[in-house]
Amino acid sequence: MKPPSPLIIAALVVATSLLVPSLLRSPLPLLPCLPAVTSPSGTGYQPSGLAALADAAVYYATTPTVPQQTRDEISLALAVLRRRAPVRLLVFGLGHDSPLWHALNPGGVTVFLEEDPEWYRAVCSASPFLRSHLVSYHTRLDQADLLFDTYRRFPSCVPGAGADDEPAVRGNAACPLALHDLPPEVYEHEWDVLMLDAPKGYFDSAPGRMAAIWTAAAMARARRGEGDTDVFLHDVDRKVEKMYAEEFLCDRFRVGGAGRLWHFSIPPVSRRDNRTAAGGGERPFY
């Protein structure tokens, strides 16, 4: 093999002299330093909300079951929880998504209400960490139209008809739409967020969501604390859910929706103009 000619050697020297200063002026990209570990080894997932998120991630990554709601629907509620958590979250219904709602409220209080005894036992067995109650409903879906048409005849069902501006829920057995006998802790606290995805409402003898919607509206309207009450109602593609939502949760408080989920933001008494006449009117909850 012949040695390179003096001309090639000279060309390489010139190219090198031009390239090296350029590289020195443009520092090579460096990987960022590893972040410091601020907690001592063995601390684990602290606070406890991180453990719930980890458990939920493993659960949904390893099971073929999926939540009842779509990604867009879940994201609608998640946006509120991101902004407001930790909150008091009351969920009507237990399901495959219950560990998710529990995990998305780290540091808060999440309570579930379920009407089906068999399903209640199944979910609680699989997720014993959930705070849940078995409850009863006193309505049937095939009564929805009658209840809607006649509720104004019951003074205890409408705002402004009693001593208080808003109808009571606890102990209000005189109102056929009031869930008057729920566990005491449901009435002892004001709820920041309510998720209505139960009870069943797709066959005549099912309880339907009439009482759940009225009760959520009454609770939200009676709020004395600061901040709005965010109410999410699923399955608004169905006649009863849509009709009762528009009547009791009110279109003027609807602030969003995704898929079959509507989002209402109901202000507390201190920030809500009182448009209801005593004893109601055509739309007593408006």
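Side chains are part of it too, since the values below use all heavy atoms of this structure and drop only hydrogens, waters and symmetry mates.
Of all the heavy atoms in Pro268 and Gly225, the pair that sits closest is CB-O, 3.4 Å. Heavy atoms only, all atoms of each residue included: Trp214 and Val169 are closest at CZ3-CG2, 4.1 Å. Nearest heavy atom pair, residue Ser156 against residue Pro167, reads O-CB, 3.4 Å. The two residues Arg152 and Val158 make their nearest non-hydrogen contact at CA-CG1, 4.0 Å. Smallest separation of non-hydrogen atoms from Gly256 and Leu76: C-CD2, 4.5 Å. What you find for Leu141 and Gly201 is that their closest heavy atoms are CD2-O, 3.4 Å.
To the nearest 0.5 Å, the span separating CG on Leu94 from OG on Ser127 amounts to 8.5 Å. Put simply, CH2 on Trp191 and OG1 on Thr229 are 12.0 Å apart, with the number rounded to the nearest 0.5 Å. With rounding to the nearest 0.5 angstrom, the CG atom of Leu89 is 9.0 Å from the CG atom of Asp192. In this structure, CG on Leu100 lies 10.5 Å from CD on Gln68, to the nearest 0.5 angstrom. The OG atom of Ser75 sits 11.0 Å away from the CG atom of Leu81 when rounded to the nearest 0.5 Å. Atom OG1 of Thr150 is separated from atom CD of Gln143 by 9.5 Å, given to the nearest 0.5 angstrom.
The shortest distance between side-chain heavy atoms of Pro106 and Pro86 does not fall below 4.5 Å. Counting only heavy atoms from C-beta outward, the side chains of Val255 and Phe264 never approach each other to under 4.5 Å. Proximity of Val186 to Leu90: side-chain heavy atoms (C-beta onward) are separated by under 4.5 Å at one or more points. Considering only heavy atoms from C-beta on, Val111 stays 4.5 Å or farther from Val91 through its side chain. No side-chain heavy atom of Phe253 sits less than 4.5 Å from a side-chain heavy atom of Ser265. Residues Leu177 and Thr215 fail the side-chain proximity criterion, which asks for heavy atoms closer than 4.5 Å. Looking at Leu134 and Pro117, their side chains come closer than 4.5 Å, going by heavy atoms from C-beta outward. Side-chain contact between Phe232 and Leu196 is absent, with no heavy-atom pair separated by less than 4.5 Å.
Between His180 and His138, the ring-plane angle classifies as parallel under the 30° and 60° cut-offs.
Here Phe285 and Phe248 bring their ring centres to under 6.0 angstrom of each other. Taking the six-membered ring for Trp, Phe129 and His102 have ring centres closer than 6.0 Å.
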Stepwise side-chain contact (heavy atoms from CB on, under 4.5 Å) check, Leu179 with Val135:
CA-CA 9 Å; Leu179 294 176; Val135 299; over 6 Å; no
Stepwise side-chain contact (heavy atoms from CB on, under 4.5 Å) test for Asp230 and Arg83:
CA-CA 12 Å; Asp230 289 289; Arg83 174 172 52 85; 4.3 Å; yes
side-chain contact (heavy atoms from CB on, under 4.5 Å) evaluation trace for Glu241 with Trp262
CA-CA 10 Å; Glu241 279 80 356; Trp262 277 354; over 6 Å; no
Walk me through it: do Ile266 and Asp228 pass the test side-chain contact (heavy atoms from CB on, under 4.5 Å)?
CA-CA 5 Å; Ile266 301 177; Asp228 294 358; 6.0 Å; no
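A side-chain donor-acceptor contact under 3.5 Å links Arg223 to the backbone of Glu226. Looking only at distances, a side-chain donor or acceptor of Tyr244 sits under 3.5 Å from a matching main-chain atom of Phe148. Formation of a donor-acceptor pair under 3.5 Å by the Glu73 side chain with backbone atoms of Thr70 is found in this model. Here the side chain of Tyr137 pairs no donor or acceptor atom with the backbone of Lys200 at under 3.5 angstrom. A donor-acceptor pair under 3.5 Å is absent between the side-chain atoms of Thr139 and the main chain of Ala211, judged by distance alone.
With hydrogens and angles left out, the side-chain atoms of Asn105 and Trp101 include no donor and acceptor closer than 3.5 Å. In this structure, a donor-acceptor pair under 3.5 Å is absent between the side chains of His133 and Glu114. If you check the side chains of Tyr120 and Glu115, you find no donor sitting under 3.5 Å from an acceptor.
Residues Arg131 and Glu185 are paired through a salt bridge, judged by an N-O separation under 4.0 Å between the basic side chain and the carboxylate. At a threshold of 4.0 Å, the pair Arg224-Glu190 does not count as salt-bridged, since none of the basic side-chain nitrogens sits closer than that to a carboxylate oxygen. A salt bridge between Arg209 and Asp197 is present, with a side-chain N of the basic residue lying under 4.0 Å from a carboxylate O of the acidic one. The pair Arg260-Asp235 meets the salt-bridge criterion, with a side-chain N (NZ, NE, NH1 or NH2) lying under 4.0 Å from an Asp/Glu carboxylate O. A salt bridge between Lys239 and Asp145 is present, with a side-chain N of the basic residue lying under 4.0 Å from a carboxylate O of the acidic one. A salt bridge does not link Arg140 to Asp204: none of the charged nitrogens lies less than 4.0 Å from a carboxylate oxygen.
Dense packing is recorded around CD of Glu188, with more than 12 heavy atoms of other residues, nucleotides or ligands lying under 6.0 Å away. Shown here is Lys242, whose NZ atom has no more than 12 heavy atoms of other residues, nucleotides or ligands within 6.0 Å. Enclosure of atom CZ in Arg71 is not indicated, since only 12 or fewer non-hydrogen atoms of other residues, nucleotides or ligands lie within 6.0 angstrom.
Because its NZ or CZ atom is both nearer than 6.0 Å to the ring centre of Tyr286 and within 45° of the ring axis, Arg252 counts as a cation-pi partner of that residue.
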